[in-house]
Amino acid sequence: MRGVIMHAPGDVRVEDRDDPKIIEPTDAIVKLTATCICGSDLWPYRGIEPVDHTLMGHEYVGVVEEVGAEVKTVKPGDFVVGSFVISDNTCEICQAGFQSKCVHAEFVHAGIGTQAEQARIPLADGTLVATPGQPDPELIPSLLAASDVLGTGWFAAVAAEAGPGKTVAVVGDGAVGLMAVLAAKQLGAERIIAMSRHPARQKLARYYGATDIVEERGEEGVAKIKELTGGLGAHSVVEAVGTKESFMQAVGSTRGGGHMGYVGVNYDVQIPGIELFFAGIHTLGGPAPVRRFLPDLIQLIWDRKIDPGKVFDLTLPLEQAAEGYKAMDERRATKVLLTL
């Protein structure tokens with residue numbers, strides 16, 4: 001089969017890979033219908049995260065081709081959406097709703113790599129969710145978004161306790177930030193402030209439910225949020241970038257006693273503990289437990305109540321994955337869908 005391998009920073013190639021095979025009785029083999037490039041894939045691409053002939057990709061939808069003897073919840077022929085973190089969905093941590101911290105957690109990356117024609121998914125019963133039937137082609141981008149960015153944005157909004165009567169501020173206008181805007185709207189937030197300087201992304205944020213746009217950053221961005229909220233700050237703030245500046249901007253934008261959900265993947269970011277201490281806010285974040293939300297998100301998409309697929313603004317065949325990475329790195333694309 002064909003698959004994406006990152007040989008070194010900036011060196012993305014589509015090459016022949018061995019077809020996946022059932023190894024454990026809890027495995028499933030999925031023939032992928034679509035996959036995509038994640039903002040977090042840019043960390044190794046830019047040399048910030050180590051990379052050496054790494055199998056790329058962790059977002060995926062497709063049709064089950066084969067299952068191990070112990071797999072019970074999906075069968076060959078099922079169209080499935082999978083989380084970007086493998087989980088058994090039965091351990092105590094999974095049952096508490098944090099499948100991304102499962103005792104058997106494994107990231108769908110490196111050893112699996114779903115920017116490919118097929119993938120072996122371990123712990124299929126706990127990781128994959130079948131759709132109600134075979135989806136119409138126009139639903140596939142939205143279902144693919146559920147595999148990571150929609151679920152991550154949704155978790156961020158839930159972690160920030162977005163809901164009725166709340167003002168929500170979203171720091172970051174990438175795919176996850178835009179999905180957090182969508183989630184805040186669906187959760188009933190009264191006011192949603194998207195922090196963005198990018199006209200196309202501002203337009204999409206408005207489409208998903210943003211009521212206000214703030215272009216200022218850093219201390220100026222914090223001041224603008226406070227100006228819009230009577231000097232108090234937002235009740236709920238999402239951090240969806242992963243830099244020290246964005247994290248502290250999110251902390252500063254959260255009112256005392258408010259909630260901040262942080263899902264931006266960060267490297268070598270040091271947060272001044274004294275500033276976080278005196279902020280007096282609730283914080284929750286980390287790798288999103290997408291599996292917790294998948295059944296509900298799939299149903300919302302199936303019923304055409306949400307359209308997260310609009311976050312994909314460039315579609316390329318798998319063989320042109322290198323161009324997709326370049327487009328995202330240069331911010332010519334928000335998120336790239338790869339067809340198979």
Side-chain angles (χ1 to χ4, degrees), residues 20 22 24-36 38 57-68 70-91 93-109 112 114 118-155 157-158 176 179 182-183 186 287-309 311 337 340:
I22 297 291
E24 301 291 339
T26 51
D27 291 346
I29 304 298
V30 179
K31 180 177 175 57
L32 301 184
T33 302
T35 182
C36 56
C38 183
H58 53 263
E59 299 158 281
Y60 56 103
V61 295
V63 178
V64 176
E65 284 196 327
E66 184 182 357
V67 297
E70 295 180 12
V71 175
K72 307 298 182 187
T73 63
V74 297
K75 62 185 184 302
D78 283 349
F79 192 94
V80 293
V81 182
S83 166
F84 71 93
V85 181
I86 303 299
S87 64
D88 60 26
N89 205 34
T90 59
C91 76
I93 295 175
C94 284
Q95 289 298 295
F98 285 85
Q99 290 90 337
S100 53
K101 299 300 295 181
C102 173
V103 296
H104 297 116
E106 172 188 351
F107 285 98
V108 181
H109 189 55
I112 297 173
T114 59
Q118 294 174 293
R120 178 185 71 88
I121 305 300
L123 298 177
D125 282 339
T127 305
L128 301 174
V129 178
T131 58
Q134 294 299 315
D136 294 333
E138 65 267 21
L139 288 184
I140 287 173
S142 289
L143 291 169
L144 179 59
S147 182
D148 182 352
V149 288
L150 173 60
T152 296
W154 200 279
F155 170 61
V158 168
V176 171
M179 293 297 93
L182 179 157
Q186 291 296 310
V290 168
R291 180 61 180 81
R292 184 208 306 182
F293 306 107
L294 269 182
D296 290 340
L297 296 181
I298 288 172
Q299 195 61 54
L300 285 170
I301 292 165
W302 203 262
D303 294 339
R304 290 172 168 76
K305 293 181 178 178
I306 58 174
D307 185 14
V311 77
L337 186 147
L340 295 149

Quick one: sort the F155 and F293 rings into parallel, tilted or perpendicular, breaks at 30° and 60°. tilted

CG of L123 to CD of E106, rounded to nearest 0.5 Å, is 8.0 Å

Just wondering, do V158 and R292 contact through their side chains at under 4.5 Å, heavy atoms? yes

Answer yes or no: is there a side-chain heavy-atom contact under 4.5 Å between V64 and V71? no

Is any side-chain heavy atom of C102 less than 4.5 Å from a side-chain heavy atom of V85? no

Decide yes or no for Q118 and I29: does some side-chain heavy atom of the first lie under 4.5 Å from some side-chain heavy atom of the second? yes

Do V108 and S83 have side-chain heavy atoms sitting under 4.5 Å apart? no

Side-chain heavy-atom pair V149, E59 within 4.5 angstrom cut-off: yes

Is the shortest distance from a Lys or Arg side-chain nitrogen in D27 or R120 to a carboxylate oxygen in the other one below 4.0 Å? yes

Student check: side-chain heavy atoms of N89 and T127 closer than 4.5 Å: no

Would you say the side chain of L128 lies within less than 4.5 Å of the side chain of T73, judging by non-hydrogen atoms? no

As an exercise, state the distance from CG of D88 to CZ of R291, rounded to the nearest 0.5 Å. 10.5 Å

